[in-house]
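Below: one structure, written as structure tokens.
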Amino acid sequence: MRGRAVVVGLMLSVLMIVSANAGLSIGAKLWMQELSIESMGGEITADGAGVGPTASIDLSENLWLSGSWVVSVLDFEDDSDMTTQDAEAVLALSLDWIDLGIGFRYSEDEFPDQSKTRKYGPMAYVGLGSSFGDSPLGWYAAASWMFADLNDDWVAGEHFNAEGGLSLYLDPISATVGYRYKDHYDFDDVDITYQGVTASASISF
């Protein structure tokens, strides 16, 4: 809870300080995802959908801040379900052809037995994207790596996200459709991944 409050508080603080004239964009994101847990005992899967708000703001010509919070409900084959939350804030610098940033991620999983795990910590970010000539259509790719879990409970929280797809920009509306992959790589003899199609839409002020 504390990690999520930090993310939300950071976003709200910046939005209050910086005016909408600086380039504010607000929208929503959808993630149709499948969870896979592979171990020596076999594979367990769950699928469902997540949705939540997104926001970004230009702090200067080359510096921007963005944040998102997606809440998902995933159903297992035995009709039980789990709730997951993913929140992040990213501060990034736009260079000629690449965006580089740092940020903070928070994720929470509530399992069918109502037990919970919370992971939060710093992350590194890299992003690419361009339009197809003068067309409003384009492409994007981004990856983030939460390299340290500050909660450090019984579940290793270090993980990476990768997402890529197509973008559409019709001022002031923008939209994306793509594919997102999330991998908790630091488990012993267990492979935990979330993946699936994503879509987003936002409006700029």
Side-chain angles (χ1 to χ4, degrees), residues 7-8 10-11 14-15 18 20 22-35 47-72 84-107 121-147 158-185 193-205:
V7 173
V8 175
L10 177 61
M11 291 177 60
V14 173
L15 294 179
V18 183
L24 172 64
S25 177
I26 297 176
K29 184 165 188 172
L30 172 69
W31 185 15
M32 304 295 297
Q33 58 188 285
E34 179 178 316
L35 164 65
D47 54 54
V51 66
T54 65
S56 66
I57 194 164
D58 296 329
L59 303 179
S60 68
E61 183 178 356
N62 297 317
L63 190 66
W64 53 266
L65 175 71
S66 72
S68 64
W69 179 18
V70 175
V71 180
S72 310
T84 70
Q85 300 185 50
D86 276 283
E88 69 177 34
V90 181
L91 178 66
L93 178 67
S94 295
L95 303 175
D96 288 341
W97 57 275
I98 192 172
D99 292 349
L100 299 176
I102 57 173
F104 191 88
R105 296 204 81 248
Y106 173 90
S107 60
M123 66 176 232
Y125 170 87
V126 58
L128 301 166
S130 183
S131 62
F132 297 123
D134 295 329
S135 167
L137 289 172
W139 63 273
Y140 75 96
S144 62
W145 173 33
M146 195 185 99
F147 50 86
E158 291 82 2
H159 63 274
F160 68 84
N161 282 279
E163 183 176 336
L166 299 175
S167 60
L168 173 67
Y169 182 69
L170 297 170
D171 191 19
I173 304 295
S174 61
T176 66
V177 60
Y179 197 87
R180 182 180 181 187
Y181 178 83
K182 175 182 176 182
D183 192 333
H184 286 269
Y185 60 85
T193 61
Y194 299 77
Q195 58 185 310
V197 173
T198 65
S200 69
S202 61
I203 183 170
S204 299
F205 300 92

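Source: prediction; values computed, not measured. For reference, positions follow the sequence shown, starting with 1. Any value given below was found using the heavy atoms of this structure, including those in side chains, with hydrogens, waters and symmetry copies removed.
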What residues form a side chain to side chain contact (heavy atoms under 4.5 Å, CB included) with A49, not counting sequence neighbours? L30, M32
Could you measure the distance from the CG atom of L170 to the CD1 atom of I203? Nearest 0.5 Å is fine. 12.0 Å
Between OG of S68 and CG of D86, what distance do you get to the nearest 0.5 Å? 8.0 Å
Any S107 side-chain heavy atom under 4.5 Å of K182 side chain: yes
From CD1 (I26) to OG (S56), nearest 0.5 Å: 9.0 Å
Would you name the heavy atoms of Y169 and S174 that are closest together and state the gap between them? CD1-CB, 3.7 Å
Test side-chain hydrogen bond (donor to acceptor under 3.5 Å, both in side chains) on Y106 and Q85 and set out the steps. CA-CA 8 Å; Y106 173 90; Q85 300 185 50; 5.8 Å; no
For D47, enumerate each residue passing the side chain to side chain donor-acceptor pair (under 3.5 Å) test, keeping only those at least two apart in sequence or located in another chain. none
Listed partners of S204 passing side chain to side chain donor-acceptor pair (under 3.5 Å), at least two apart: none
Side-chain heavy-atom pair T84, Y194 within 4.5 angstrom cut-off: yes
Nearest-0.5 Å distance that lies between atom CG in D183 and atom OG1 in T193: 6.0 Å
Using a 3.5 Å cut-off and no angle test, enumerate the donor-acceptor pairs between side-chain atoms of residues 90-102 and protein atoms at least two apart in sequence or in another chain.
from	atom 1	to	atom 2	distance (Å)
S94	OG	W64	NE1	3.0
S94	OG	D99	OD1	3.0

Side-chain donor-acceptor pairs of residues 159-166 under 3.5 Å, sequence neighbours excluded:
from	atom 1	to	atom 2	distance (Å)
H159	ND1	G157	O	2.7
H159	NE2	R105	NH1	2.5
N161	OD1	R180	NE	3.2
N161	OD1	R180	NH2	3.1
E163	OE1	K29	NZ	2.8
E163	OE2	K29	NZ	3.3
E163	OE2	Y140	OH	2.8
E163	OE2	T198	OG1	3.0

If you compare all heavy atoms of W69 against all heavy atoms of A87, which two are closest, and at what distance to 0.1 Å? CD1-CB, 4.0 Å
Contacts satisfying side-chain hydrogen bond (donor to acceptor under 3.5 Å, both in side chains) that involve residues 124-135 (not counting sequence neighbours) are none
CD of Q33 to OH of Y179: how many Å apart, nearest 0.5 Å? 10.5 Å
By side chain to side chain donor-acceptor pair (under 3.5 Å), S144 pairs with (sequence neighbours left out) none
Pairing residues for S200 by the side chain to side chain donor-acceptor pair (under 3.5 Å) criterion, not counting sequence neighbours: T176
Roughly how far, to the nearest 0.5 Å, is OG of S202 from CD1 of I173? 7.5 Å
